[in-house]
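Let me begin by presenting the structure, written as structure tokens, before commenting on it.
The basis for the numbers below is simple: all heavy atoms, side chains too, and nothing from hydrogens, waters or symmetry mates. Whatever order the structure lists ligands and atoms in, that order sets their numbers, starting from 1. Keep in mind it's a predicted model, so treat the numbers as computed, not measured. The chain is numbered in sequence order, starting from 1.
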Amino acid sequence: MKSFLPTEEDSHFPIQNIPFGVCQRADGHAHCSTRIGDFVLDLFELEQLGIFDSLGLEVPQPFDKPSLDVFMGLPHQERKQIREAIQAVLSEDSVHKAAVKKIIVPADSVQPLLPATIGDYTDFYASRWHASNVGKMFRPDGEPLLPNWLHLPVGYHGRSSSIVPTGIPVRRPRGQIVLPDADGPIDSASRLLDYEFEMGAFFGGTGNELGSRIDVNCAAEHLVGLVIVNDWSARDIQKWEYQPLGPFNAKNFQTSISPWIVTLDALQEFRVEQPNREPSDPELLDYLKPNSSQGFNIQIETWLKSAAMNEAVKISSGNFREMWWSFEQMLAHHTSTGCPFRPGDLLASGTVSGPTKESRGCLLELTWRGTEPIELPDGSTRRFLEDGDTLTMTAFCQGAGYRIGFGELSAQIVA
Ligand code: MN
């Protein structure tokens, strides 16, 4: 498949991708959009051209508002048809070339916004490597994994109100922390600010009713697509507050997501096997057993730039295929009690870590709780994030001669 708008081999946004997002243009108007190479295509304008009229959609004009809320609520089949219609409009033999050229704008002339109204947000803990590393650090004398971990995808209900798009600075959070050797807590700026590289999945379609489950083998059609998620974490606040109910203020001050929702349809050819189970691992209960593999081969990278550096340096690289639990298993487990999902709800995977040191997905693991600082090219070291640091995450799938990518998720730490 080729577009009349050519893209480089390493572009994240060839015609094979066609992600969905919302962008604010220079004139202040925000519209649903897609991305092709270095251009943004306005889906509201495309809708006005009548491109989607012949599809017989449940909602005839899904891109009428500056949010993907309506699009997210469409059934999978209709979302798929819309994406294919956009691909046809952008293809080499498109009859709409002239019209499209009039409504594309350079990607760097727009500002990405949140793609949809995120009602509920849940964060999981689905990497066995991450959970084992954290277990070894915090419970050196016990088993690295708690007894439930191999039986269910562990998660907690997060906070949707502080989810922000790329580019929004992170204000260093304040909270209760207990300094080493102190008797009690102080109210202070966090001194152990960390990031977590995660992938997130947006829920779509009509949702399940209160009291009903979503089957692990049908779960994919309820997921619109994936984004990169940075689950900023204040480790000192977390350490003091997390027992017995899990993370609270340590993670609710900000969560950042990348601008483009890359659809599961675009990612389909990058499906891979989930990691092998050890012979000693317990058998999964039936509702968590998929009939086919649900992993994704997505390469991920994290880059850090201090205020004194001119260029960012790569501090970590790994692959999403290392995740032990799939998004489908997370959704099946989350709804196993009958908890209803609504379009726009966001599931995050938990920190994506792999077997090697360089593939660890947060500073807590990379610096082993601060005991093995990272050296930066400016001569400084990092145990955790400093004010002025800019953290940038990127991810892509490598195809034959093209990439399906997520672009960048970037934010600077401010005091
Ligand atoms: Mn997390």
Q | Identity of the N, O or S atom of Asp123 lying closest to the Mn ion (ligand 1) | A | OD2
Q | Closest Glu198 atom to the Mn ion (ligand 1) [N, O or S only] | A | OE2
Q) With a distance cut-off below 6.0 Å to the six-membered ring centre and an angular limit of 45° from the axis, does Arg369 pair with Phe138 as a cation-pi contact? A) yes
Q.
Donor-acceptor pair, distance only, cut-off 3.5 Å: does the side chain of Asn230 make one with the backbone of Phe197?
A. no
Q) Of all the N, O or S atoms in Glu196, which one sits nearest to the Mn ion (ligand 1)? A) OE1
Q. How about Arg171: does its CZ atom have over 12 heavy atoms from other parts shown lying under 6.0 Å from it?
A. no
Q | Ion pair check, Arg235 and Glu196, cut-off under 4.0 Å | A | yes
Q) Asp231: which N/O/S atom is nearest the Mn ion (ligand 1)? A) OD2
